[in-house]
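Model, not experiment: these values are computed from the prediction.
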Amino acid sequence: MSAADEALTFGAKNNPDICLDIILEICKLTNDSEILVTLGVGVLEDLMSLNGMLLESRVIEAFRENNSFKIALSSVYLTEDDDGYQMVKKLIGEYKYL
């Protein structure tokens, strides 16, 4: 795990708003699907698992406004025990029908 990955994983746990800000900035800067999928299965998945509901309104807004964020969030895998499971499941369901 790189130092950047460690910092973002720490942020997902301890500074979720700042972590989401960084993720959203990355999504604004790229539409490279490989980068976005990596972001989704990594730090965004951690963030949604730990603090998804805390960030619900911001995540929903970003999902509806940013195509790159949709790709990243679509790569997140959560279980029913994870914090943001229901929200992410609903958003991904909407995305599949767009």
Side-chain angles (χ1 to χ4, degrees):
M1 182 180 283
S2 72
D5 287 333
E6 287 181 30
L8 285 170
T9 299
F10 177 84
K13 233 182 247 181
N14 300 297
N15 296 305
D17 282 306
I18 293 171
C19 186
L20 183 58
D21 289 340
I22 293 167
I23 290 168
L24 293 175
E25 194 59 36
I26 293 168
C27 287
K28 287 179 189 173
L29 295 172
T30 188
N31 61 1
D32 182 309
S33 61
E34 186 175 335
I35 292 170
L36 297 170
V37 168
T38 301
L39 187 65
V41 299
V43 70
L44 184 55
E45 188 169 290
D46 293 341
L47 183 62
M48 293 297 95
S49 174
L50 297 167
N51 290 300
M53 295 313 297
L54 177 70
L55 302 167
E56 181 177 20
S57 63
R58 292 187 64 204
V59 169
I60 290 170
E61 179 182 348
F63 185 83
R64 294 199 170 129
E65 295 178 359
N66 186 315
N67 237 14
S68 292
F69 187 73
K70 284 179 188 162
I71 294 167
L73 193 67
S74 295
S75 304
V76 168
Y77 175 79
L78 299 176
T79 66
E80 290 183 20
D81 296 330
D82 292 322
D83 187 60
Y85 174 77
Q86 291 297 329
M87 174 194 49
V88 171
K89 180 180 174 184
K90 181 177 185 253
L91 290 172
I92 300 306
E94 287 178 16
Y95 182 54
K96 288 182 180 178
Y97 297 107
L98 293 178

Exercise for the section: State plainly whether one hydrophobic cluster holds both Val88 and Leu50, where clusters connect Ile, Leu, Val, Met, Phe, Trp and Tyr through side-chain heavy atoms under 4.5 angstrom apart. Expected result: no
Exercise for the section: Please answer: with hydrophobic residues joined when any side-chain heavy atoms are less than 4.5 Å apart, are Met48 and Tyr77 in the same cluster? Expected result: no
What's the separation between atom [atom1] in [X] and atom [atom2] in [Y], rounded to the nearest 0.5 Å?
X: Leu55; Y: Leu47; atom1: CG; atom2: CG; value: 5.0 Å
X: Leu73; Y: Phe63; atom1: CG; atom2: CZ; value: 6.0 Å
X: Ile60; Y: Arg58; atom1: CD1; atom2: CZ; value: 12.5 Å
X: Glu25; Y: Ile23; atom1: CD; atom2: CD1; value: 12.0 Å
X: Asp46; Y: Lys13; atom1: CG; atom2: NZ; value: 8.0 Å
X: Lys28; Y: Leu24; atom1: NZ; atom2: CG; value: 7.0 Å

Fill in the blank from the handout: Minimal heavy-atom distance between Leu36 and Cys27, with the atoms involved, is CD2-SG, 4.0 Å
Exercise for the section: Taking all non-hydrogen atoms of both residues into account, name the closest pair between Leu39 and Ala72 and its distance. Expected result: CD2-CB, 4.5 Å
Pairwise side-chain contact, [X] with [Y], heavy-atom cut-off 4.5 Å (strictly under):
X: Met87; Y: Lys90; answer: no
X: Asn67; Y: Lys70; answer: yes
X: Cys19; Y: Val43; answer: yes

Practice task
Ignoring hydrogens and angles, tell me if any N or O in the side chain of Asn66 forms a donor-acceptor pair with the backbone of Phe69 under 3.5 Å.
Solution key: yes
Handout entry: Sidechain-backbone polar pair: Asp32 side chain, Ile35 backbone, donor-acceptor under 3.5 Å
Key = yes
Completion exercise
Ser33 meets the side chain to side chain contact (heavy atoms under 4.5 Å, CB included) criterion, sequence neighbours left out, with none
Exercise for the section: Can you sort out the partners of Asn31 under side chain to side chain contact (heavy atoms under 4.5 Å, CB included), two or more places apart, ordered by chain and number? Expected result: Ser68
Handout entry: Leu20/Asn51 under side chain to side chain contact (heavy atoms under 4.5 Å, CB included): CA gap, chis, key distance, verdict
Key = CA-CA 10 Å; Leu20 183 58; Asn51 290 300; over 6 Å; no
Handout entry: Listed once per pair and sorted, the side chain to side chain donor-acceptor pair (under 3.5 Å) pairs that draw on residues 78-87, sequence neighbours left out
Key = Ser49-Asp82, Thr79-Asp82
